[in-house]
Amino acid sequence: MAPIGVDRAAATQGVVARLKDLIRKDRIMTDPVMTYAYSGDASSYRLIPAVVVIVNTEDEVRAVIDAARAEKLPLTFRAAGTSLSGQAITDGVLAVLGDGWKKLEIHEAGQRVTLGPAVIVANANKALKPFGAKLGPDPASQATCKIGGVVNNNSSGMCCGVAYNTYHTMHRLRVMLVDSTVLDSGDPDSVAAFRVSHAHLLAELVALHKKVSADPALVELIRRKYRIKNTVGYSINALLDFHDPIDILIHLIVGSEGTLGFVSEVTYNTIPEHPYKVTGLIPFPDPYSCARAISKLANGGVQVTTGVTAAEYIERRALATVEHLPAIQPYVKFFTETSPVILIDVTAPDQATLDAETAKASAILASEGATDITFSADEEVSHGLWDVRKGFFATGGAARPKGTSMLTEDVAAPIDRLADFVIDMRKLLDDCGYEDAIIFGHALAGNLHFQMSDSFMDPQAAVKFDHFSKELSELVSVRYGGSLKAEHGTGRAIAPFVEAEWGTKAYLIMHEIKRLFDPEGLLNPGVLLNPDPDIHIKNLKLMPLADEIVDLCIECGFCEPACPSHHMTLSPRQRIAVTRERARLRQTGEDPERLKAMDEGFQYVGLDTCAACNLCSLRCPVGIETGTMVIGERGRRRSDGDRSVAHWVGGHTAALETGMKLGVGAQALGRRIVGNGVVDAVAGAMHALAPKAVPRVSPALRPGPGAPKPMAATNAPNGQVVYFPSCATRMFGAPTRENGLLPTTDAMIALMRRAGFDPVVPEKLEGQCCGQPFLSKGFPAEAERVGGATRRELDGLSKAGALPVVTDASTCAKHMREHPGEAAVMDSAEFLIKEILPRLTITRPLPAVAVHHNCSAQRLKEQGAIEALAAVIAQKVVVLDAITCCGYAGDKGLYVPELNAHATRFAKAQIPEGCEIGLSTVSTCATGLSERMGIPFVSIASLLEMVSQPVN
């Protein structure tokens with residue numbers, strides 16, 4: 001493949017021109033914000049693509065291949081972008097998997113599963129769990145990483161070992177080669193046609209098979225290197241393991257890092273997910289005894305599904321970064337200055353086998369001096385410990401100094417040499433100046449990970465890293481005969497060291513493989529094989545300080561599946577990356593035109609379309625709140641005039657509330673008079689002309705019930721409760737009356753009285769607000785002024801906190817807890833399940849109800865309470881897990897409705913036949929869901945009141 005031409009801009013526009021009639025315009029991106037947003041993966045490398053294309057079909061992939069070839073731009077495919085060796089980035093065309101690759105079909109009672117490359121690994125395992133099965137590969141990033149990356153990197157993980165990776169558990173592969181031919185190895189017709197059309201390629205693969213098989217030294221080398229985890233170079237074990245060139249071909253694709261073809265579908269043979277399991281965090285007095293114990297547990301390096309299925313080595317310095325976490329706290333008393341631990345899972349198909357296997361493991365641990373041997377069958381304990389382990393990539397990265405890059409490598413050595421290997425790895429890191437490095441890893445497979453940090457803003461950091469990399473290659477590849485990359489893939493990081501690890505003979509065979517599949521060098525050039533001996537220290541990420549809220553982000557991408565705007569505009573990782581680059585450009589003063597374009601472009605993709613839900617913080621192992629960063633920038637971009645308007649509005653909230661109700665009511669009345677079509681057409685045209693000034697309306701937008709009327713006190717047996725109907729509930733209603741339901745405010749009061757409580761409601765309720773809407777728009781001072789007045793009112797009504805205070809919107813409850821007064825505030829779900837439900841009799845449950853957990857409910861950890869209430873409301877509960885935040889985000893559903901549409905695009909398919917109503921704990925969310933899901937969404941209170949009405 002020729003290098004990018006001198007006129008890169010012309011080549012970029014050429015690609016755009018070739019694709020514009022085939023792929024929707026908003027899925028082809030060349031602007032400086034969006035191309036920079038896709039410039040990094042989870043590695044320490046960065047390349048800015050010339051053009052980013054979101055692809056959804058094989059035809060679109062074919063078109064992108066043709067366009068890239070015609071314009072002489074290299075082409076890279078990207079799934080989740082969690083790659084750790086720089087293999088998912090390019091300065092050419094970046095083809096990103098869109099929504100069209102989410103196929104998930106389970107066969108033979110879970111023994112096999114067919115997956116599209118955009119399926120997240122954890123979602124596949126969730127679907128397989130009812131069948132007692134799971135995928136063999138189980139990378140720590142499985143809640144984020146996608147099947148396309150797992151296949152192309154031959155990813156493994158904590159319990160996978162060598163035996164259960166993609167290479168060994170793949171049943172079928174569908175792949176498009178660089179000439180646009182598709183081979184489906186599970187389709188006899190496809191295979192037969194391919195044998196004719198690509199007879200020369202298959203003959204060349206057979207010749208390579210014979211050449212390798214005839215070389216005893218090469219055979220021994222390949223066999224030895226694949227006894228442990230190894231993702232350095234191509235999977236040349238395929239040339240020995242198979243005779244049919246079709247089998248050789250599809251297994252060469254595994255681990256090829258997108259350099260040989262595009263994987264569009266894969267069928268896996270699954271492995272058992274045994275129901276009986278115990279987990280232990282076992283401390284040892286020193287690394288040597290710990291490593292010896294692991295060697296004894298390793299079953300000679302043969303992975304099993306019964307017995308010790310995982311044994312993670314965690315050194316003391318790594319423990320220091322997480323010992324403050326609740327899951328680790330019970331074990332801290334056993335830690336000394338030198339004590340590492342093993343995180344162990346023992347699994348079995350039945351209790352008797354589990355007991356026997358646990359006893360065997362305990363005896364081995366005791367024989368090597370373990371200082372505490374405690375196993376737990378408690379799933380919460382297990383999940384807590386494994387969440388800590390899975391989060392090491394980010395938590396270890398967060399322990400680094402701000403402004404530095406997080407560097408990570410993963411290596412493997414023969415299991416019988418693990419004890420010495422651990423000691424030598426620690427010494428090498430310290431000798432090379434990486435004393436802050438931490439070591440952990442999948443020790444049953446002799447696989448160690450280590451992380452360290454440095455600032456590549458300093459040119460000497462690259463020199464230091466170069467020295468370390470060469471010393472590491474000598475230690476791992478030469479002295480230990482191990483793998484310089486055990487599971488993270490070769491990428492750019494290890495490409496210069498492939499020949500040193502494999503020797504010239506095997507290295508030349510790998511070049512021959514690349515030539516056979518991709519003679520032009522079109523696909524991901526420079527990845528896996530690279531003639532540049534310094535490529536591992538080029539294009540390194542710079543991590544300038546930009547915002548103290550997000551400065552610790554390592555850009556791992558774990559946050560992305562939670563973000564409602566991901567793949568519409570930007571994800572949290574991308575918002576942070578773009579914010580950093582803008583900060584760097586301001587600091588250096590270089591390229592002011594680019595900075596201006598990025599600042600202007602960030603308004604819509606970075607600020608307007610961020611729901612600021614902060615669900616990203618729940619996925620982030622260190623809790624980074626990108627939404628809070630966005631809110632801060634919104635505030636900084638506000639003009640004095642904006643703040644003056646906000647101040648006026650803050651002083652006239654009652655008038656605003658009245659006006660909002662009248663406006664919503666008017667459009668609802670208009671629909672009854674002239675119909676939905678006319679109202680939607682007029683309102684849509686006005687919104688298109690002034691999207692920031694004129695809201696988009698929909699039939700689901702209903703006027704709210706307003707403030708409840710003043711009520712006389714009653715002598716209720718259970719005393720008084722202060723009820724604060726949120727402003728959103730008062731202004732925006734749900735389709736209740738036509739469904740035989742009371743509005744939320746009336747239902748809450750009815751339930752309180754039915755349960756023997758006397759509700760107390762503020763007398764002058766109109767205009768009272770917790771302040772959250774002002775804060776989310778970047779007006780913190782006004783949020784405090786408005787919210788402070790409400791807090792003082794509730795403090796008085798609650799008699800300085802003596803009475804409970806309840807609100808009916810999760811967003812309001814969360815904000816008031818974060819800005820507390822004397823009165824503690826309960827959300828409706830919490831109050832209903834604790835105080836109301838025990839005093840009710842359910843008289844007529846519904847057949848089914850759909851449940852959406854809005855972002856504030858998730859952050860308040862109310863899912864359990866909401867689902868428990870739903871379970872008494874209806875005989876069947878359907879949780880819409882295809883939605884994270886619904887994207888309505890207060891009033892964004894009115895002014896940026898495309899965010900709500902994008903965030904909910906998969907959920908309607910989850911609603912089964914016979915489910916005719918849903919619930920949410922925020923009225924604005926209910927509005928967006930009612931429109932998008934095709935069934936009405938109402939509050940828990942409205943449904944609970946209906947199903948508990950006394951029978952006459």
> After noting the C-alpha distance and the side-chain angles of R634 and C610, does the key distance pass the side-chain contact (heavy atoms from CB on, under 4.5 Å) rule?
Replying inline: CA-CA 11 Å; R634 287 173 183 166; C610 177; 4.0 Å; yes
> Hey, does F602 have a side-chain heavy atom less than 4.5 Å from the side chain of T579?
Replying inline: yes
> Is the side chain of K892 donor-acceptor paired with the backbone N or O of E898 at a distance under 3.5 Å, no angle test?
Replying inline: no
> Between C770 and M816, which heavy-atom pair has the shortest distance, and what is it?
Replying inline: CB-CG, 3.6 Å
> Taking it one step at a time, do R839 and N718 satisfy side-chain contact (heavy atoms from CB on, under 4.5 Å)?
Replying inline: CA-CA 11 Å; R839 297 177 170 94; N718 294 314; 3.2 Å; yes
>> Ring centroids only, cut at 6.0 angstrom: are F757 and Y723 within range, meaning strictly under it?
In response: no
>> I'd like to know if the side chain of S639 and the backbone of D642 have a donor-acceptor N/O pair within less than 3.5 Å.
In response: yes
>> Contact between V922 and Y888 at the side-chain level, heavy atoms closer than 4.5 Å - yes or no?
In response: no
> Between A829 and L869, what is the shortest heavy-atom contact and its length?
Replying inline: O-CD1, 3.7 Å
>> Rounded to the nearest 0.5 Å, what separates atom CG in N900 from atom SG in C886?
In response: 5.5 Å
>> Tell me the closest heavy-atom pair linking P804 and Q720, and the distance in Å.
In response: CD-O, 3.9 Å
> What do the steps show when you test V630 against L607 for side-chain contact (heavy atoms from CB on, under 4.5 Å), and what is the final call?
Replying inline: CA-CA 6 Å; V630 166; L607 303 182; 3.8 Å; yes
> Do K876 and P912 come close enough that some side-chain heavy atom pair is under 4.5 Å?
Replying inline: yes
>> I'd like to know if the side chain of T843 reaches the main chain of V947, judged simply by a donor and an acceptor atom lying under 3.5 Å from each other, with no hydrogens or angles considered.
In response: yes
>> Within the 4.5 Å heavy-atom criterion, are L701 and L894 side-chain neighbours or not?
In response: yes
> Between R791 and E784, does at least one N-O distance fall below 4.0 Å, as a salt bridge requires?
Replying inline: yes
>> Rounded to the nearest 0.5 Å, what separates atom CG in L803 from atom CG in L794?
In response: 11.5 Å
> Are H852 and T904 side-chain neighbours, meaning at least one heavy-atom pair lies under 4.5 Å?
Replying inline: no
> So, the side chain of T653 versus the backbone of Q768: is there a donor-acceptor pair under 3.5 Å, distance only?
Replying inline: no
> What's the shortest heavy-atom distance between L929 and S920, and which atoms?
Replying inline: CD1-CB, 4.1 Å
> Just checking, any donor-acceptor pair under 3.5 angstrom between side chains of E916 and N739?
Replying inline: no
>> Measuring from atom OG1 of T807 to atom NZ of K814, what distance do you get when rounded to the nearest 0.5 angstrom?
In response: 14.0 Å
> Under 3.5 Å, side chain of T884 to main-chain N/O of A562, donor-acceptor pair present?
Replying inline: yes
> Under 3.5 Å, is there a donor-acceptor pair linking the side chains of S810 and T921?
Replying inline: yes
>> Between R754 and E945, does the salt bridge (Lys or Arg N to Asp or Glu O under 4.0 Å) criterion hold? Intermediate values first, please.
In response: CA-CA 9 Å; R754 192 172 297 161; E945 190 283 328; 2.7 Å; yes
> Is it the case that N854 and T811 place a side-chain donor and acceptor less than 3.5 Å from each other?
Replying inline: no
> Quick check: are there more than 12 heavy atoms from other residues, nucleotides or ligands sitting under 6.0 Å from CD of E738?
Replying inline: yes
> Is a side-chain donor or acceptor of R737 paired with a backbone partner of A734 at a separation under 3.5 angstrom?
Replying inline: no
>> Donor-acceptor check, side chain of H902 to backbone of H566, threshold 3.5 angstrom: yes or no?
In response: yes
> Under 3.5 Å, is there a donor-acceptor pair linking the side chains of E867 and H853?
Replying inline: yes
> Is any side-chain heavy atom of V649 closer than 4.5 Å to a side-chain heavy atom of F774?
Replying inline: yes
> Does the distance from a Lys or Arg side-chain N to an Asp or Glu carboxylate O, for E625 and R859, drop under 4.0 Å?
Replying inline: yes
> Looking at K777 and D891, does any basic side-chain N land under 4.0 Å from a carboxylate oxygen?
Replying inline: yes
>> Contact between T744 and I940 at the side-chain level, heavy atoms closer than 4.5 Å - yes or no?
In response: no
> Heavy atoms, side chains only, cut-off 4.5 Å: are R575 and T569 in contact?
Replying inline: yes
> If you measure only the distance, is there a donor-acceptor pair under 3.5 Å linking the side chains of S828 and D808?
Replying inline: no
> Is any NZ, NE, NH1 or NH2 atom of the basic residue among R582 and D547 found under 4.0 Å from an Asp or Glu carboxylate oxygen of the other?
Replying inline: no
> Do NZ/NE/NH1/NH2 and the carboxylate oxygens of R792 and D795 come within less than 4.0 Å?
Replying inline: no
>> Main chain of S923, side chain of T927: is a donor-acceptor contact present, judged purely on distance under 3.5 Å?
In response: yes
> Hey, what do you get for CD1 (I873) to CZ (R844), rounding to the nearest 0.5 Å?
Replying inline: 12.5 Å
>> Determine whether a donor-acceptor pair (N or O, by modelled atom type, separation under 3.5 Å) exists between the side chain of S942 and the backbone of L742.
In response: yes
> When rounded to the nearest 0.5 angstrom, what distance separates CG in L899 from OG in S565?
Replying inline: 6.0 Å
> Which atoms form the tightest heavy-atom contact between V825 and A813, and what is the distance?
Replying inline: CG1-CA, 4.3 Å
>> Please determine whether side-chain contact (heavy atoms from CB on, under 4.5 Å) holds for the pair V806 and M752, giving the CA-CA distance in whole Å, both sets of side-chain angles, and the decisive distance to 0.1 Å.
In response: CA-CA 11 Å; V806 180; M752 289 177 180; 4.3 Å; yes
> Can you check whether R638's main-chain N or O pairs, donor with acceptor, with R643's side chain at less than 3.5 Å?
Replying inline: yes
> For C915 and A850, which heavy atoms make the closest approach, and how far apart are they?
Replying inline: SG-N, 3.5 Å
>> To the closest 0.5 Å, what do you measure between CG (L751) and CD (Q949)?
In response: 9.5 Å
